[in-house]
Every structure is written in structure tokens, then in C-alpha cells.
Amino acid sequence: MVLQMRLEYNGVRISGILTVIPRNMKTFDEEMENYKASATRTKRLKAVMGYDRHHFVTEETCTSDLAVFAMERLFQTGKLEKNDIGALILVTQSPDYF
């Protein structure tokens with residue numbers, strides 16, 4: 001069964017999109033030992049996918065922590081006022097708790 005939902009909002013627009021990238025970073029080469037493929041195959045995979053590095057958070061950090069950080073940053077820089085927010089949509093592949 002496929003469920004379809006149709007949402008329609010009049011007089012509403014997306015006025016901004018924000019991405020938060022964590023400070024912690026590892027290169028693909030640093031993590032090659034975590035892959036089950038040979039070094040040669042892993043390097044080929046790296047070239048095909050175009051991955052060189054990725055950013056990550058500590059185990060204690062939740063997705064909501066990143067969202068709060070982003071919002072506070074927008075408030076501090078004056079790019080957004082709390083009273084101007086009508087709705088907030090958070091899209092993630094990593095919820096706080098599964």
C-alpha cells in the first residue's frame with residue numbers, strides 16, 4: 001500500500017536553508033581499515049565516489065544539538081529573529097534516538 005499526502009500552504013515560503021557541518025573530520029584514507037574490501041578496491045571506490053573526507057560529531061552529540069546550534073547562530077548574527085519563525089522543518093538521516 002502506498003500512502004500519499006498532499007499538503008498545500010498558501011502565503012508560505014521557504015525563506016532559508018541552513019546546513020551544519022561538524023568540526024571533527026576524518027579522511028577516507030584514515031578509515032580504510034574499517035572497510036572489508038582490499039586497499040586497492042577501497043581506493044578505487046574512493047575515486048569513483050569522490051569521497052575524500054567526512055565530518056562527524058561525538059557520540060554525545062544529537063541531531064537536535066546541531067539544530068539548536070544553528071538556530072542560536074542565526075539569532076546571534078541577526079539573520080533571524082525568534083518572533084519571525086512560523087515553522088521549522090528539520091530533515092535528518094540521523095534522529096536523536098532510533
Side-chain angles (χ1 to χ4, degrees):
M1 177 191 330
V2 176
L3 297 176
Q4 293 184 354
M5 183 182 297
R6 182 179 170 159
L7 300 173
E8 190 173 311
Y9 299 97
N10 296 315
V12 176
R13 66 185 172 91
I14 296 174
S15 58
I17 297 175
L18 178 68
T19 302
V20 176
I21 301 173
R23 288 190 177 130
N24 304 320
M25 183 192 66
K26 285 192 178 181
T27 66
F28 191 90
D29 293 334
E30 288 175 314
E31 296 198 311
M32 277 184 22
E33 63 191 40
N34 296 334
Y35 302 103
K36 295 180 181 180
S38 67
T40 303
R41 183 177 172 141
T42 303
K43 286 181 183 180
R44 191 175 324 130
L45 184 62
K46 171 187 168 184
V48 169
M49 293 188 310
Y51 295 148
D52 183 41
R53 64 194 66 178
H54 73 275
H55 295 261
F56 62 95
V57 296
T58 61
E59 286 188 29
E60 307 84 41
T61 304
C62 293
T63 300
S64 58
D65 296 326
L66 298 176
V68 168
F69 171 84
M71 297 304 290
E72 287 177 350
R73 177 94 171 139
L74 290 173
F75 298 145
Q76 290 170 358
T77 59
K79 295 182 190 259
L80 183 64
E81 296 293 326
K82 289 181 183 182
N83 294 332
D84 292 340
I85 300 172
L88 175 66
I89 300 171
L90 174 65
V91 178
T92 182
Q93 293 177 339
S94 322
D96 284 0
Y97 305 100
F98 288 98

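Treat the numbers as computed from the prediction; the structure is a model and nothing was measured.
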S.K.: If you take all heavy atoms of Thr61 and Thr58, which pair is closest and at what distance?
M.R.: OG1-OG1, 2.9 Å
S.K.: Any heavy-atom pair between the side chains of Thr40 and Arg44 that's under 4.5 Å?
M.R.: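 The answer is yes; the side chains approach within 4.5 Å.
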S.K.: Ignoring hydrogens, what is the shortest heavy-atom contact between Val57 and Pro22? Give both atom names and the distance.
M.R.: CG1-CG, 3.4 Å
S.K.: Shared ILVMFWY cluster between Phe56 and Phe69, side chains joined below 4.5 angstrom?
M.R.: no
S.K.: Hey, quick one: are Phe28 and Met25 part of the same hydrophobic cluster, counting side-chain heavy atoms closer than 4.5 Å, chains of contacts allowed?
M.R.: no
S.K.: For side-chain contact (heavy atoms from CB on, under 4.5 Å), just list the numbers for Met71 and Leu80, CA-CA rounded to whole Å, side-chain angles, deciding distance to a tenth of an Å, and then say yes or no.
M.R.: CA-CA 8 Å; Met71 297 304 290; Leu80 183 64; 3.7 Å; yes
S.K.: Working to the nearest 0.5 Å, report the span between CG of Leu66 and CD1 of Ile21.
M.R.: 11.0 Å
S.K.: When you group the ILVMFWY residues by side-chain heavy-atom contacts below 4.5 Å and let the links chain together, are Val20 and Val68 in the same group?
M.R.: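 They do not share one cluster, since no chain of ILVMFWY contacts under 4.5 Å joins Val68 to Val20.
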S.K.: Check Phe75 against Lys82 and note the closest heavy-atom contact, atom names and distance.
M.R.: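 For Phe75 and Lys82, the tightest heavy-atom pair comes out as CZ-CG, 3.4 Å.
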S.K.: Hey, could you give me the CD/CD distance between Glu30 and Glu33, rounded to the nearest 0.5 Å?
M.R.: 10.0 Å
S.K.: Measuring from atom CZ of Arg53 to atom NZ of Lys46, what distance do you get when rounded to the nearest 0.5 angstrom?
M.R.: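 With rounding to 0.5 Å, CZ (Arg53) is 9.0 Å from NZ (Lys46).
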S.K.: Could you report the tightest heavy-atom contact between Ala70 and Leu18, atom names first, then the distance?
M.R.: CB-CD2, 3.0 Å
S.K.: Would you give the length of the straight line joining atom CZ of Arg23 to atom NE2 of His55, rounded to the nearest 0.5 angstrom?
M.R.: 12.0 Å
S.K.: If you count the non-hydrogen atoms of other residues, nucleotides and ligands that lie under 6.0 Å from CG in Leu90, is the total more than 12?
M.R.: yes
S.K.: Listing request: all side-chain hydrogen bond (donor to acceptor under 3.5 Å, both in side chains) pairs with a residue in residues 83-98, at least two apart in sequence or in separate chains.
M.R.: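 Every side-chain hydrogen bond (donor to acceptor under 3.5 Å, both in side chains) pair that includes a residue of residues 83-98, provided the two are not neighbours, is Ser64-Asp96.
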